[in-house]
> 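Just dropping this structure here.
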Number of protein chains: 2
Amino acid sequence: MTEETVVRNTKQRAAVRDVLADCEGFHSAQDLHALLRDRGERVGLTTVYRTLQGLADAGEIDVMRPPGGEHLYRRCSRGHHHHLVCRSCGRTVEVEGPAVESWAEKMAGRHGFVDISHTLEIFGTCTDCAAKQKTD
Amino acid sequence: MTEETVVRNTKQRAAVRDVLADCEGFHSAQDLHALLRDRGERVGLTTVYRTLQGLADAGEIDVMRPPGGEHLYRRCSRGHHHHLVCRSCGRTVEVEGPAVESWAEKMAGRHGFVDISHTLEIFGTCTDCAAKQKTD
DNA sequence: GCGCTTTTGACAATCATTACCATTATCGGT
DNA sequence: ACCGATAATGGTAATGATTGTCAAAAGCGC
C-alpha cells in the first residue's frame with residue numbers, strides 16, 4: 001500500500017506561499033484568492049483551498065476557526081502560539097503559552113494519545129470595545 | 001436601547017433541554033432534532049438551532065467545533081473542561097485544566113481584554129488507533 | 001378571555017467548502 | 001530536450017450546515 005504520492009512543485013503552490021509570506025495577518029481562503037488575482041497570478045479558488053489544506057497538514061501555516069465563519073489561514077510564524085481575539089472588533093493579539101503546550105502533551109500522554117496537536121483561541125472584549133459598549 | 005427582551009418558556013425549549021439532559025455525549029443540531037422526533041416531540045429544525053444557540057450564549061451548554069464538520073453541542077457538565085479527541089476514531093476524553101483557565105485569564109487581562117472565554121481542543125491519536133496504523 | 005409580542009417552523013436563501021472531471025503541467029527517464 | 005505517466009489545476013456543479021423570512025400559533029400580563 002503506502003501509495004508513494006509524488007508531490008510536485010507548481011507555480012500555483014509557490015504563489016500561495018508567496019502571498020502568505022507577504023501578508024501578516026489572518027486571511028480567509030477567499031481573501032487569499034482575491035489577493036492572488038490582484039497580483040496577476042491566475043490561481044483557481046479550488047486550488048487555493050487545496051493548497052491551504054496541504055500547508056496546514058504540513059504544519060506550515062496556522063488555521064483559526066472563529067465561531068461563525070470561514071477558516072482563517074496565516075503563515076506560521078516561528079513557534080507555536082495562540083490568539084486573543086476581540087469578539088467585537090476582531091483585533092487579534094498573539095500570545096505564547098509554553099505552559100499550555102506542555103500541559104496538553106502531558107494530558108494527552110496520560111491518556112495514551114500520541115501525535116498531539118491542539119487549538120486554543122481566547123475570546124474577549126478589548127479595552128476600546130468595552131468602553132464603547134458602555135455608551136450604548 | 002437595552003431592549004428588555006422578555007424570554008418565554010416554551011415546550012420546545014424545554015424539550016431541547018430535556019434531550020440534552022438525557023444524552024451524555026456530544027450531538028449535532030441535526031442529531032438532536034432527530035432524537036426529538038423519535039421522542040414524539042414536534043420541534044422544527046430551525047428552532048433547535050435557535051435554542052441551542054441561546055443555551056450556548058447563556059453558557060448552559062458546551063459547543064465543540066471539530067475541524068471539518070458541524071458544531072457539536074452538549075449539556076455543560078459542572079465546571080469548565082476541555083476535550084482530547086482521537087482524530088481517527090473520534091473517541092473523546094474529558095480533561096480539566098485549571099492551569100489553562102487561569103493562564104487564559106492572565107494573558108487576556110495583561111492585554112486589557114475583559115469578559116474572557118476560550119476554546120481548547122486537543123487532537124491526537126489514541127493507543128488503539130496508533131496500533132492499527134502500524135499494521136497498514 | 002384579550003391583546004400584544006415573542007416563538008415557532010416550513011421552506012427558501014446563503015455561503016464556505018468539496019466533488020467532478022476534462023485539460024494542463026510536472027518529473028523522471030530516455 | 002522529448003515523451004509518457006500521472007499529479008495538479010480550475011471552472012462549475014453539488015453539498016450541506018446554518019440562517020433568513022414571515023405568516024400562523026403560542027406565552028404572558030392584565
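Reminder, nothing fancy here: chain letters follow the sequence lines and each chain counts from 1.
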> Rounding to a whole Å, what distance do you find between A:R50:CZ and C:dA19:P?
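Going from CZ in A:R50 over to P in C:dA19 covers 10 Å.
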> Give a yes or no answer on whether the side chain of B:T125 reaches the backbone of A:D115 with a donor-acceptor pair at less than 3.5 Å.
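Such a contact is absent between B:T125 side chain and A:D115 backbone.
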> With a 4.5 Å cut-off on side-chain heavy atoms, are A:I116 and B:F123 touching?
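They are not in side-chain contact.
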> Check whether any side-chain N or O of A:Q53 sits under 4.0 Å from OP1 or OP2 of C:dT18, and answer yes or no.
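Answer yes for this pair, as a side-chain N or O of A:Q53 is under 4.0 Å from OP1 or OP2.
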> For the helix from C:dG1-D:dC30 to C:dT30-D:dA1, figure out the bend between the end axes, five pairs an end, and round to 10 degrees.
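The angle separating the two end axes equals 50°.
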> Rounding to an integer number of Å, can you tell me how far B:Q30 CD sits from D:dT15 C1'?
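My rounded result for the distance is 12 Å.
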> Roughly how far, to the nearest 0.5 Å, is the CD atom of A:E101 from the CG atom of A:L120?
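Rounded to the nearest 0.5 Å, the CG-CD separation comes to 8.5 Å.
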> For A:H27 and C:dA16, give me the distance from atom NE2 to atom P, rounded to whole Å.
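Going from A:H27 (NE2) to C:dA16 (P), I get 16 Å.
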> For nucleotides 28-30 of chain D, give me every protein contact, N/O to N/O, under 3.5 Å, one pair per line with atom names.
from, atom 1, to, atom 2, distance (Å)
D:dC28, OP1, B:N9, N, 3.1

> Quick check for you: to the nearest 0.5 Å, what is the distance between B:M107 atom CE and A:I122 atom CD1?
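One gets 7.5 Å once the value is rounded to the nearest 0.5 Å.
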> May I ask you to check whether over 12 heavy atoms, not counting those of B:R13, lie within 6.0 Å of atom CZ?
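Yes, enclosed.
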> Would you kindly give the OH-to-P distance between B:Y73 and D:dA17, to the nearest whole Å?
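Taking atom P of D:dA17 as the reference, OH of B:Y73 is at 12 Å.
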> So how far is it from A:E121 CD to B:E121 CD, rounded to the nearest 0.5 Å?
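Those atoms lie 10.0 Å apart.
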> Checking A:R37 now: which residues fulfil salt bridge (charged side-chain N to carboxylate O under 4.0 Å, His left out) with it, not counting sequence neighbours?
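If we apply the salt bridge (charged side-chain N to carboxylate O under 4.0 Å, His left out) test to A:R37, skipping adjacent residues, there are no hits.
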> In whole angstrom, what separates B:Y49's OH from D:dA17's P?
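Going from OH in B:Y49 over to P in D:dA17 covers 6 Å.
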> Look at the rings of A:W103 and B:H82 and say which category their plane angle falls in: under 30° parallel, 30 to 60° tilted, over 60° perpendicular.
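Because their plane-to-plane angle is over 60°, the rings of A:W103 and B:H82 count as perpendicular.
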> Share the residues that join A:V7 in a hydrophobic cluster, the rule being Ile, Leu, Val, Met, Phe, Trp or Tyr side chains under 4.5 Å apart at the heavy-atom level.
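Hydrophobic cluster check, A:V7: no partners found.
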> For B:H83, which residues count as a ring pair (Phe, Tyr, Trp, His ring centres under 6.0 Å) partner, sequence neighbours excluded?
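Checked B:H83 against ring pair (Phe, Tyr, Trp, His ring centres under 6.0 Å); matches are B:F26, B:H81.
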> Report, one line per pair, each donor and acceptor closer than 3.5 Å where one atom sits in a side chain of residues 38-57 of chain A; sequence neighbours left out.
from, atom 1, to, atom 2, distance (Å)
A:R39, NH2, A:D22, OD2, 2.3
A:Y49, OH, A:Q30, NE2, 3.2
A:T51, OG1, A:T47, O, 2.7

> Which residues satisfy the side-chain hydrogen bond (donor to acceptor under 3.5 Å, both in side chains) test with B:R8, sequence neighbours excluded?
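Not a single residue meets the side-chain hydrogen bond (donor to acceptor under 3.5 Å, both in side chains) criterion with B:R8.
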> Nearest whole angstrom, please: distance from the P of D:dT19 to the CG of B:D57.
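About 11 Å, once rounded to whole Å.
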> Can you name the ring pair (Phe, Tyr, Trp, His ring centres under 6.0 Å) partners of B:H33, sequence neighbours left out?
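If we apply the ring pair (Phe, Tyr, Trp, His ring centres under 6.0 Å) test to B:H33, skipping adjacent residues, there are no hits.
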> With the threshold set at under 4.0 Å for non-hydrogen atoms, list the residues of residues 39-46 of chain B touching DNA chain C in residue-number order.
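Heavy-atom contacts with DNA chain C come from B:R42, B:V43, B:G44, B:T46.
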> Check DNA chain C against residues 11-19 of chain B and give the residues with a non-hydrogen atom under 4.0 Å, in numerical order.
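Within this stretch, B:Q12, B:R13 sit under 4.0 Å of the strand.
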> Indicate whether OP1 or OP2 belonging to D:dT18 is found under 4.0 Å from a side-chain N or O atom of B:H71.
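Yes, B:H71 has a side-chain N/O under 4.0 Å of OP1/OP2 on D:dT18.
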